[in-house]
There are 2 protein chains.
Amino acid sequence: MASPSSPRRRAASRAPKSASLATIAATAGVSIATVSRIVNGLPRHASAETEARVRQVIEALGYRPNQIGRALQQGKSRLVAMLTAELANPVMATIASVTEAALRDAGYVMILCDTHDRPDLQDEYLHAMRALVVEGYVLATNVRSPGLEEFVTRGERMVFACRPNPYAAEGTAGAFLGIDNAQAGRDAADYLLDRDCTRFAVLSQANGSPASIARALGCCERLRERGVPKGRIRDIRAPGHSHLAVGYAAARALAGRRPWRGGIVCASDQIAFGTYRFACEHGLDLTTANPLISIDGADLSAWLAPWLTSLHVPYEEFGTHIVEMLQTLWKGQPAADHIVPYSLRAAGAFPVDDLC
Amino acid sequence: MASPSSPRRRAASRAPKSASLATIAATAGVSIATVSRIVNGLPRHASAETEARVRQVIEALGYRPNQIGRALQQGKSRLVAMLTAELANPVMATIASVTEAALRDAGYVMILCDTHDRPDLQDEYLHAMRALVVEGYVLATNVRSPGLEEFVTRGERMVFACRPNPYAAEGTAGAFLGIDNAQAGRDAADYLLDRDCTRFAVLSQANGSPASIARALGCCERLRERGVPKGRIRDIRAPGHSHLAVGYAAARALAGRRPWRGGIVCASDQIAFGTYRFACEHGLDLTTANPLISIDGADLSAWLAPWLTSLHVPYEEFGTHIVEMLQTLWKGQPAADHIVPYSLRAAGAFPVDDLC
DNA sequence: CTGAAAGCGCTTACAG
DNA sequence: CTGAAAGCGCTTACAG
């Protein structure tokens, strides 16, 4: 190791200094304004010779505009904050990934903040992002927090993915992007009914997000509607932070009494995975005798869980939608809710080629 | 929708304006410098009464320091860039997640950039991050690019997770964080040998990353070393961008001749997942007759792939290590490589409680 | 076509 | 204890 006082230490202790507009201007013998105009490709910026000279200097010194200086001047940062509930969840990772790509294409840089569904972290990040003067917020979290309420009432430009805005004012454009969760629950019920199930288990998270509650409720509602007696519906709401753990616990509850026989609806892929693990360990039957359907249908599931039938939410398209919604906000218009369709992805039926 | 010229439009078209240091100073009747000192908790910043008055104004106006102004002044942004090869890969998502948490604890904000393993995107991001004056770079990509070479030679502060620095100078501290990949391959070989396998398949990606090549090579090397004849080793390098597709293709090649009988080493979890999907569809036997071991052992695998035995890389600890390495760099010292140990995670043996 | 100057929000010596 | 002033890197009217 270099000693603390060695010259080497000094040299390496900060990032290599890069040239500024002023440096370029000085060595090219023009004004800062001129260089700025050239860099930004403004209309009648400079004579051909001046431009050539300046460009040469820029090239030679490897100049790149400092975004911080620009951001301070313009009052906008080209930064968008994305707050995710839990990046470890593949669904969240997918949303983050596609949003990042769409924002990049639109010329923005995404900052990803993992709130771990903790209100304190959520507020910490919200404030840190405001301090960075981000131009918009994408929320994929379901937690209430004072900071979020404050931001909503202050009119910050936010889009809500998957989970609706918990502080949305009545009759306001919610800027919500997602599926009709209640309807998805109903469709899951129909799927099992059409396969002649007579007993039903609905697995969801206790005190879950509004979205996941809506799925479970919609499902139970539909079952009753189609004449299933209450006694034939097991509405299991298992505790746990991770949906994996929820699914495991729910499956345990399900298998607890006598061997289960009937259809199973999991409010999310992750819950289905937890169920699956329990099934592997303790022999809960997940074959055609007990058809299982989940809601999410993430791409990874098509690989890792060929046994899984699910209502596939088109997360791969969320990035584009999110950017469109942000652009609406940036135009000063309220962003309407955006309800996307889902589709049935049958077990094992998804073609490999589409996944590569 | 509000008409384009409605007053509403104007009102919403930019973020709500927030108070500046100057505003606070003016309404509190003190100088900007005084407010700054109070906000930053500097030693003898102000008299008790002044401070009280200023704090009151800050509270009333909801003032938060603008990080951009501060960054410009101090020449540091408290931002760290993380470049990931592919966020859709759960291993990458895990690394991103833990790094984000560790950086936050250290007072930094992480910007996540998904390069999709494309050199052009990698360079685009590298330059965008430099423009943001980030204080460090975390690379979890394996792509060579002109920009990366430029950054390395310029001495930017970077750490390399999982994939070594492709432009590291001889005998230089590489700032690499990861496992001994060749040794992991060797250990995987030993695992199968100890289970009395006599035939072996080694599944990896054609033209893969140095890390994954090292795993496959180490494995083959060890097999030969322990006397396995070349004809009993099938070294399958399948093409494909995603490791899932690679695993699928490799399994197809493996099953192509006669029914496979022997041990299987997958260079990564994802390759094992692809193999698994092929096995489910086409009946490749993955039970004890054909023991399979992969390298990675991501937490998600413990849930979704209870059938999988793997050498578990402690990705959950990567965040802490990455921050330590960055802090070494920030002190002006070179960051040594950091080789972490891995451990065997046997199929189905991982306790559920540890995963919640 | 080109430049001098103001100002974005902040920190930090330097005076008093 | 407190303030006036310079300056971080940039853009943008405003002159010429």
Locate the shortest heavy-atom distance separating B:Ala336 from B:Met325; write the atom from each residue and the value.
-> O-CE, 3.5 Å
Under-4.0 Å side-chain N/O to phosphate OP1/OP2 contact, A:Gln74 with C:dG7 = no
Does D:dC8 have OP1 or OP2 sitting under 4.0 Å from an N or O in the side chain of A:Ser20?
-> no
The side chain to side chain donor-acceptor pair (under 3.5 Å) partners of B:His116 (sequence neighbours excluded) come to B:Glu86
Check the distance between D:dC10's C1' and A:Ile24's CD1 and give it to me in whole angstrom.
-> 13 Å
May I ask you to verify if any side-chain N or O of B:Arg70 is less than 4.0 angstrom from the OP1 or OP2 atom of C:dT11?
-> yes
Out of D:dC10, C:dT2, C:dC10, whichever nucleotide has its closest atom nearest the side chain of A:Ser47 | C:dT2
Dot-bracket encoding of pairs in DNA chain D, which uses [ ] for pseudoknotted crossings and | for another strand, Watson-Crick or G-U under 3.5 angstrom | |||.||||||||.|||
Between B:Ser31 and D:dT2, does any side-chain N or O lie under 4.0 Å from OP1 or OP2?
-> no
Given atom CD of A:Gln67 and atom P of D:dC10, what is their separation to the nearest angstrom?
-> 10 Å
Would you kindly give the CG-to-P distance between B:Asn66 and D:dC8, to the nearest whole Å?
-> 18 Å
Nucleotide C:dC10, atom P - distance to CD of B:Gln73 in whole Å | 11 Å
For the residue pair A:Thr50 and A:Ser47, confirm or rule out a side-chain donor-acceptor distance under 3.5 Å.
-> yes
Applying salt bridge (Lys or Arg N to Asp or Glu O under 4.0 Å) to A:Glu150 and not counting sequence neighbours gives A:Arg154
Atom pairs and distances, donor-acceptor, side-chain atoms in residues 60-69 of chain A, under 3.5 Å, two or more places apart:
{"from": "A:Arg64", "atom 1": "NH2", "to": "B:His127", "atom 2": "NE2", "distance (Å)": "3.4"}
{"from": "A:Asn66", "atom 1": "OD1", "to": "A:Ile68", "atom 2": "N", "distance (Å)": "2.6"}
{"from": "A:Asn66", "atom 1": "OD1", "to": "A:Gly69", "atom 2": "N", "distance (Å)": "3.1"}

What integer distance in Å separates A:Glu49:CD from C:dT2:P?
-> 8 Å
side-chain N/O B:Thr50 vs D:dT2 OP1/OP2, d < 4.0 Å = yes
In residues 138-145 of chain A, what donor-acceptor pairs under 3.5 Å come from side-chain atoms, sequence neighbours left out?
{"from": "A:Thr141", "atom 1": "OG1", "to": "A:Gln122", "atom 2": "OE1", "distance (Å)": "2.9"}
{"from": "A:Arg144", "atom 1": "NH2", "to": "A:Pro166", "atom 2": "O", "distance (Å)": "3.3"}
{"from": "A:Ser145", "atom 1": "OG", "to": "A:Gln122", "atom 2": "NE2", "distance (Å)": "3.0"}
{"from": "A:Ser145", "atom 1": "OG", "to": "A:Asp123", "atom 2": "OD1", "distance (Å)": "2.6"}
{"from": "A:Ser145", "atom 1": "OG", "to": "A:Leu148", "atom 2": "N", "distance (Å)": "3.2"}

For the residue pair B:Ser31 and B:Thr34, confirm or rule out a side-chain donor-acceptor distance under 3.5 Å.
-> yes
A:Ser36 side chain near D:dT11 phosphate (N/O to OP1/OP2, under 4.0 Å) | yes
Just call it for B:Ile68: base, sugar-phosphate, or nothing, with non-hydrogen atoms closer than 4.0 Å on any strand.
-> nothing
Of the listed nucleotides C:dC8, D:dT2, D:dC8, the one nearest the side chain of B:Thr34 | D:dT2
Measure all distances between protein nitrogen or oxygen atoms and nitrogen or oxygen atoms of nucleotides 13-16 of chain C, and list the pairs falling under 3.5 Å.
{"from": "C:dA13", "atom 1": "N6", "to": "B:Arg37", "atom 2": "NH2", "distance (Å)": "3.3"}

d(CG, B:Leu132; C1', D:dG9) in whole Å = 13 Å
List for me each residue that meets salt bridge (Lys or Arg N to Asp or Glu O under 4.0 Å) alongside B:Asp105, sequence neighbours excluded, and say none if there are none.
-> none
Under the side chain to side chain donor-acceptor pair (under 3.5 Å) test, residues paired with B:Arg70 that sit two or more places apart | B:Asn40
Sequence neighbours left out, what passes ring pair (Phe, Tyr, Trp, His ring centres under 6.0 Å) with B:Tyr137? Give chain and number order.
-> B:Phe151
Spacing of A:Leu72 atom CG relative to C:dT11 atom C1', expressed in whole Å = 13 Å
Given atom CZ of B:Arg78 and atom P of C:dT11, what is their separation to the nearest angstrom?
-> 13 Å
